[in-house]
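To start, the structure under review is shown below, and the notes come after it.
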2 protein chains.
Amino acid sequence: MAQSDTVDRILDAAEELFAERGFSETSLRMITSKAKVNLAAVNYHFGSKNALIHAVFGRFLTPFSATLESAFDELEARCDGSPPTLNQTLWALTESAVRMPQRNEKGISIFMRLLGLAYTQSQGHLRKFLEQEYSEPFGRFMRLLKEATPQLSAVDRYWRIQFMLGATAFTMSSSDALQDILRNKLGVDTTVQEIAARLVPFLAAGMQAQDTLLASPADIHIPVA
Amino acid sequence: MAQSDTVDRILDAAEELFAERGFSETSLRMITSKAKVNLAAVNYHFGSKNALIHAVFGRFLTPFSATLESAFDELEARCDGSPPTLNQTLWALTESAVRMPQRNEKGISIFMRLLGLAYTQSQGHLRKFLEQEYSEPFGRFMRLLKEATPQLSAVDRYWRIQFMLGATAFTMSSSDALQDILRNKLGVDTTVQEIAARLVPFLAAGMQAQDTLLASPADIHIPVA
DNA sequence: GTCTGTTTGAAACATACGTTTGAAGCGCAT
DNA sequence: ATGCGCTTCAAACGTATGTTTCAAACAGAC
């Protein structure tokens with residue numbers, strides 16, 4: 001099969017280059033020369049650069065969302081009616097990501113960074129693609145979060161989910177650069193699993209902080225103790 | 001003075017466009033046509049597109065870092081020898097950001113998003129510029145954080161600071177969009193000050209979670225309880 | 001071997017970019 | 001009024017991008 005060889009080589013090269021440089025900063029010529037295929041191959045096999053971006057996400061996200069769904073199934077079965085805890089829910093997500101079969105050792109971190117970029121770079125088409133393609137597992141995750149934090153007001157929960165999302169997306173989207181700094185400053189090396197192991201407790205603690213009680217707007221900025 | 005008019009119009013337009021589209025996705029032609037100035041004006045007044053990016057950051061960051069320094073001065077004076085608490089440190093930063101004189105009501109969120117982009121988009125020159133221009137207040141903030149969390153290992157503290165950064169930059173940068181969603185779904189309205197009032201407790205709680213104890217790499221992914 | 005549909009290849013396409021150029025316009029001392 | 005900085009302007013520069021074209025190479029069926 002000649003086709004799938006070319007297609008896969010393009011996807012591999014694109015995935016890696018997108019992750020380390022961003023989408024618009026990566027040209028088709030970089031991709032095709034890294035993949036050692038002809039420039040026209042991208043438009044022949046995928047149709048356009050945007051479609052290639054979608055294909056890169058689809059190749060990872062489709063099996064991942066299946067894995068995630070069954071992880072949620074298993075978790076809910078194990079909990080037998082009572083809603084899973086916050087830690088269980090967050091770990092089910094992390095687990096599914098880390099356990100995914102990887103093309104290579106950089107697999108997860110590459111993809112975490114791509115997801116971060118998807119949120120961060122305002123590529124309208126990508127956002128739309130992801131929303132209409134993977135709304136189901138996303139919605140289910142949100143529902144589980146809600147059931148795991150019944151003590152929170154809807155507004156607090158809403159904002160704290162954004163905080164979690166931000167911490168995750170941001171960290172993952174710059175994790176290579178961050179790791180370089182860490183390696184230089186502290187002389188240690190960190191795997192994605194370890195980052196996740198540090199991130200989840202941080203998120204869980206923040207999520208479970210006492211429900212925010214707002215003072216009158218006027219002196220919101222005053223509390224210093 | 002005709003010059004400063006053109007210069008400011010360019011800076012205003014660039015700031016807004018960079019924030020909503022990113023750096024490489026924003027062309028000089030978009031900027032100059034939004035600012036209603038000639039295309040060549042950017043290279044005449046700033047020298048290059050990169051220098052313009054630096055100027056956009058400098059215009060906000062220089063007065064901000066002065067404000068921040070004096071906020072830290074005041075805080076340390078008030079604490080009189082003993083290190084400020086985590087809450088005090090975070091509030092000093094938040095205060096300084098919120099209290100900055102704003103060009104318009106979107107001022108803070110625009111700049112939060114720019115800071116997020118600076119970290120996220122791999123613009124080497126920007127990173128270098130920010131590091132060598134504002135290393136002092138940044139380093140001081142780091143030192144305060146370190147003194148406020150002596151129980152954390154250096155590695156844990158490093159990563160948790162990244163998590164805080166991410167949650168903050170992400171939330172503030174998309175707060176306009178998020179507020180729209182919130183208004184539609186929950187029928188409430190939120191000011192930047194209120195978001196900060198929700199964010200700081202979240203960050204403080206995450207920061208003060210128990211120091212991460214890592215199991216052997218092999219079973220890092222196992223804990224589900 | 002020849003035909004057929006699919007895949008590759010080198011080259012060109014149109015467009016957009018950041019930057020440079022050189023003339024024109026302006027305010028203001030002299 | 002003249003001359004001198006500074007600023008604006010329209011136009012062009014060279015380069016890089018995504019996409020298209022069309023001929024050559026290829027594989028498998030007959």
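Below, chain A is the first sequence line, B the second, and so on; all start at residue 1.
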Notebook entry, point to check: How close or far is atom C1' of D:dA23 from atom CG of A:N38, stated in whole angstroms?
Noted result: 13 Å

Notebook entry, point to check: At their closest point, which heavy atom of B:L39 faces which heavy atom of B:L28, and how far apart are they?
Noted result: CD1-CB, 4.0 Å

Note to self: Could you tell me if A:T62 and A:Y134 have a donor-acceptor pair between their side chains, going purely by distance under 3.5 Å?
What the structure shows: yes

Check: Can you tell me how far P of D:dT19 sits from CD1 of A:I10, to the nearest Å?
Finding: 13 Å

Next item on the list: Under 4.0 Å between any heavy atoms, over every strand shown, what does A:S24 touch: base, sugar-phosphate, or nothing? Just pick one.
Entry: nothing

Notebook entry, point to check: How long is the line joining CZ of A:R21 and C1' of D:dA16, in whole Å?
Noted result: 13 Å

Checklist line | A:L39, nearest nucleotide to its side chain (from D:dT8, D:dT17, C:dA12) | finding: C:dA12

Notebook entry, point to check: Which nucleotide in the set C:dT19, C:dT8, D:dT17 lies at the smallest distance from any side-chain heavy atom of A:R29?
Noted result: D:dT17

Item checked: Atom pair distance, as rounded to whole Å: CG in A:N50 and P in D:dT17 -> 16 Å

Item checked: D:dT17 OP1/OP2 closer than 4.0 Å to side-chain N/O of A:S27 -> yes

Next item on the list: Could you tell me whether B:A41 contacts a base, only the sugar-phosphate backbone, or nothing, with contacts defined as non-hydrogen atoms closer than 4.0 Å?
Entry: nothing

Margin query: If I take atom CD in residue B:E25 and atom C1' in nucleotide C:dG18, what distance separates them, rounded to the nearest angstrom?
Written below: 16 Å

Notebook entry, point to check: Which of these nucleotides, C:dT7, D:dT8, D:dA11, is closest to any side-chain atom of A:Y44?
Noted result: C:dT7

Notebook entry, point to check: Between A:R157 and A:E147, is there a side-chain N and carboxylate O pair less than 4.0 Å apart?
Noted result: no

Next item on the list: Using only side-chain N and O atoms of B:H45, determine if any of them is under 4.0 Å from OP1 or OP2 of D:dT8.
Entry: yes

Note to self: Taking the minimum atom-to-atom distance to the side chain of B:A40, which one of D:dG18, C:dT8, C:dT20 wins?
What the structure shows: C:dT20

Next item on the list: Indicate whether OP1 or OP2 belonging to C:dG18 is found under 4.0 Å from a side-chain N or O atom of B:N43.
Entry: no

Check: Rounding to a whole Å, what distance do you find between B:L28:CG and C:dT20:P?
Finding: 11 Å

Check: With a 4.0 Å cut-off on heavy atoms, is A:T32 in touch with a base, just the backbone sugar-phosphate, or nothing at all?
Finding: nothing

Next item on the list: Considering only NZ, NE, NH1 and NH2 on the basic side and carboxylate oxygens on the acidic side, decide whether B:R113 and B:E20 come within less than 4.0 Å.
Entry: no

Note to self: If the cut-off is 4.0 Å, is B:S48 near the phosphate of C:dG18, judged by side-chain N/O to OP1 or OP2?
What the structure shows: no

Note to self: Without decimals, in angstroms, what is the distance between B:L52 CG and C:dT19 C1'?
What the structure shows: 14 Å

Notebook entry, point to check: To the nearest angstrom, how far is B:I31 atom CD1 from C:dT19 atom C1'?
Noted result: 14 Å

Item checked: Note: A:R198-A:E194 ion pair, threshold 4.0 Å (strictly below) -> no

